[in-house]
Amino acid sequence: MDTMNSSISEFVLLGLTNTWELEMFFFFIFLLAYAAIVAGNLLIVVTVTFDSHLYSTPMYFLLGNLSFLDMCISTITTPKMVTDFLRETKTISLWGCMAQMFFLHFLGGSEMTLLIVMAVDRYIAICKPLHYTSIMNRRVLMGSVLLSWAVGFVHTMSQMVFTITLPFCGPNRVDNIFCDLPLVLKLACTDTYVLELLVIADSGLLSFICFILLLISYTIILVTVRRRSSGGLSKALSTLSAHITVVTLFFGPIIFIYAWPFSSFSVDKFLSVFYSIITPLLNPIIYTLRNQEMKAAMNRLRTQHVRSRQTNTVIRFLIFLETSHSFLEWLRHLHSY
């Protein structure tokens with residue numbers, strides 16, 4: 001810890017409540033929520049990966065990457081939060097806290113960029129359908145995904161490279177369910193005004209600008225479709241409604257946490273739960289329940305799995321019969337002697 005010039009080795013997370021009954025209630029609720037997050041997002045990733053039609057479709061390829069990011073973001077915070085409900089003192093090491101903030105902003109910045117790519121994909125698919133396959137080819141898709149990871153890395157490094165050099169000498173109590181950059185900065189034993197402005201500009205203002213640009217892009221798509229045909233407007237609304245919902249769920253809490261000067265920590269806690277649990281939980285529901293192609297692909301994979309199990313059962317039975325027949329022949333041969 002000497003490299004950080006800090007006299008403390010851990011932070012204490014105050015969590016959501018100090019009441020034992022509520023902690024047990026939250027433990028089971030968030031445990032079930034995390035299981036649903038992993039199962040739902042993993043199901044989307046597996047479906048997109050193993051279904052050739054979805055994997056070759058740009059929208060679903062990007063959706064698979066979005067689900068992977070949601071699953072990772074929830075994994076960074078939720079397991080630690082769930083286990084903390086069983087502990088009287090909720091602590092996290094100094095470097096563990098730094099790692100948590102690093103990966104949160106890394107994956108969050110990547111997801112923010114990926115949502116912009118998904119908006120561009122929808123614009124090309126709806127407004128320029130004849131050129132869609134030539135523009136959104138495999139090379140562009142892979143480059144877009146790599147770009148999202150690169151942007152996320154630059155985003156987190158631009159803040160964490162200054163944060164890890166700050167001295168922390170007490171107090172060490174973080175009034176939240178996980179380490180969050182604005183709250184941790186307030187605990188530093190030095191003036192962090194410039195760094196706080198950087199966080200507001202980098203995380204808050206940038207998220208707000210991206211959110212507005214995404215809404216403008218969706219509005220342009222709807223206006224363009226409306227001018228072409230009234231029938232296409234309802235189809236475009238059905239397609240874009242899921243994207244608009246996901247964008248709002250993702251950017252809303254981030255904007256309020258990093259750009260809005262809340263004085264009530266309870267609001268920050270609620271938004272932190274929403275960002276790390278509710279949004280990753282709702283995304284699979286939004287994309288699967290309202291998407292016929294995704295549900296059809298899941299049914300195809302399930303049918304293939306059942307047929308594969310039936311085939312394996314038949315093969316094992318035939319092997320058993322062959323083995324039994326060989327064993328009986330051996331016994332007859334042995335008896336003849």
Side-chain angles (χ1 to χ4, degrees), residues 27-83 103-104 106-108 110-115 117-119 121-122 125 136 138 141-142 144-146 148-149 152 238-251 253 273-313:
F27 169 79
F28 288 107
I29 292 297
F30 290 153
L31 181 62
L32 292 176
Y34 179 67
I37 289 170
V38 174
N41 286 285
L42 188 61
L43 180 61
I44 292 179
V45 173
V46 171
T47 303
V48 172
T49 302
F50 289 97
D51 188 275
S52 58
H53 172 68
L54 295 186
Y55 187 76
S56 60
T57 304
M59 182 181 73
Y60 295 107
F61 178 81
L62 296 174
L63 174 59
N65 283 273
L66 178 66
S67 296
F68 177 75
L69 288 173
D70 277 336
M71 187 169 53
C72 291
I73 288 175
S74 183
T75 301
I76 293 171
T77 59
T78 308
K80 171 74 168 110
M81 180 176 59
V82 168
T83 55
F103 285 108
L104 271 177
F106 175 38
L107 298 171
S110 300
E111 183 163 339
M112 180 172 59
T113 309
L114 188 64
L115 288 172
V117 174
M118 293 178 72
D121 170 74
R122 289 299 84 203
M136 298 301 296
R138 182 59 53 176
L141 285 176
M142 295 302 297
S144 300
V145 172
L146 292 177
S148 67
W149 287 90
S238 177
T239 303
L240 294 179
S241 59
H243 290 266
I244 295 174
T245 304
V246 169
V247 166
T248 304
L249 291 175
F250 178 77
F251 281 99
V273 170
F274 198 92
Y275 170 75
S276 60
I277 297 179
I278 305 300
T279 301
L281 179 63
L282 291 179
N283 281 356
I285 298 175
I286 292 171
Y287 279 113
T288 55
L289 293 183
R290 301 190 58 185
N291 193 299
Q292 297 299 325
E293 286 190 73
M294 181 65 70
K295 290 190 288 187
M298 291 179 179
N299 289 329
R300 286 196 299 269
L301 285 180
R302 184 176 60 182
T303 303
Q304 292 174 4
H305 177 68
V306 172
R307 289 177 179 175
S308 177
R309 290 185 60 182
Q310 291 175 346
T311 302
N312 290 335
T313 302

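- The structure places OG of Ser144 at 7.0 Å from CG of Leu62, a figure rounded to the nearest 0.5 Å.
- Taken to the nearest 0.5 Å, the CH2 atom of Trp149 stands 11.5 Å off from the OG1 atom of Thr113.
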Tabulate below the donor-acceptor pairs under 3.5 Å that side-chain atoms of residues 27-39 make, not counting sequence neighbours, or state none.
| residue | atom | partner | partner atom | Å |
| --- | --- | --- | --- | --- |
| Tyr34 | OH | Thr75 | OG1 | 3.0 |

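- Considering all non-hydrogen atoms of both residues, Thr49 and Val45 come closest at OG1-O, 2.6 Å.
- Atom OG of residue Ser56 and atom CG of residue Leu141 lie 10.0 Å apart, to the nearest 0.5 angstrom.
- When side chains are defined from C-beta on, Ile277 counts as touching Met81, because their heavy atoms get closer than 4.5 Å.
- Rounding to the nearest 0.5 angstrom, the gap separating the CG atom in Leu281 from the OG atom in Ser276 is 11.0 Å.
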Donor-acceptor pairs are to be reported for all side-chain atoms of residues 63-72 against protein atoms at under 3.5 Å, with residues two or more places apart or in another chain.
| residue | atom | partner | partner atom | Å |
| --- | --- | --- | --- | --- |
| Asn65 | ND2 | Phe61 | O | 2.7 |
| Ser67 | OG | Leu63 | O | 3.2 |
| Asp70 | OD2 | Asn283 | ND2 | 2.5 |

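- Looking at heavy atoms from C-beta onward, Tyr55 lies out of side-chain contact with Phe50 at the 4.5 angstrom threshold.
- Between Leu115 and Val246 the shortest side-chain heavy-atom distance falls below 4.5 Å.
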**OP:** Evaluate the criterion side chain to side chain contact (heavy atoms under 4.5 Å, CB included) for residue pair Thr245 and Leu282; output intermediate values, then yes/no.
**Re:** CA-CA 10 Å; Thr245 304; Leu282 291 179; over 6 Å; no
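- Between Tyr275 and Thr77 there is no side-chain heavy-atom pair separated by less than 4.5 Å.
- Atom CG of residue Leu104 and atom CD1 of residue Ile76 lie 5.0 Å apart, to the nearest 0.5 angstrom.
- Of the possible polar contacts, none joining the Asp121 side chain to the Met136 backbone as a donor-acceptor pair under 3.5 Å is found.
- Listed for the Thr279 side chain is a donor-acceptor partner under 3.5 Å among the backbone atoms of Phe274.
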**OP:** List the steps, then state whether side chain to side chain contact (heavy atoms under 4.5 Å, CB included) holds for Asp51 with Tyr60.
**Re:** CA-CA 10 Å; Asp51 188 275; Tyr60 295 107; over 6 Å; no
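- Of all heavy-atom pairs between Pro280 and Asn41, the closest is O-ND2, 3.1 Å.
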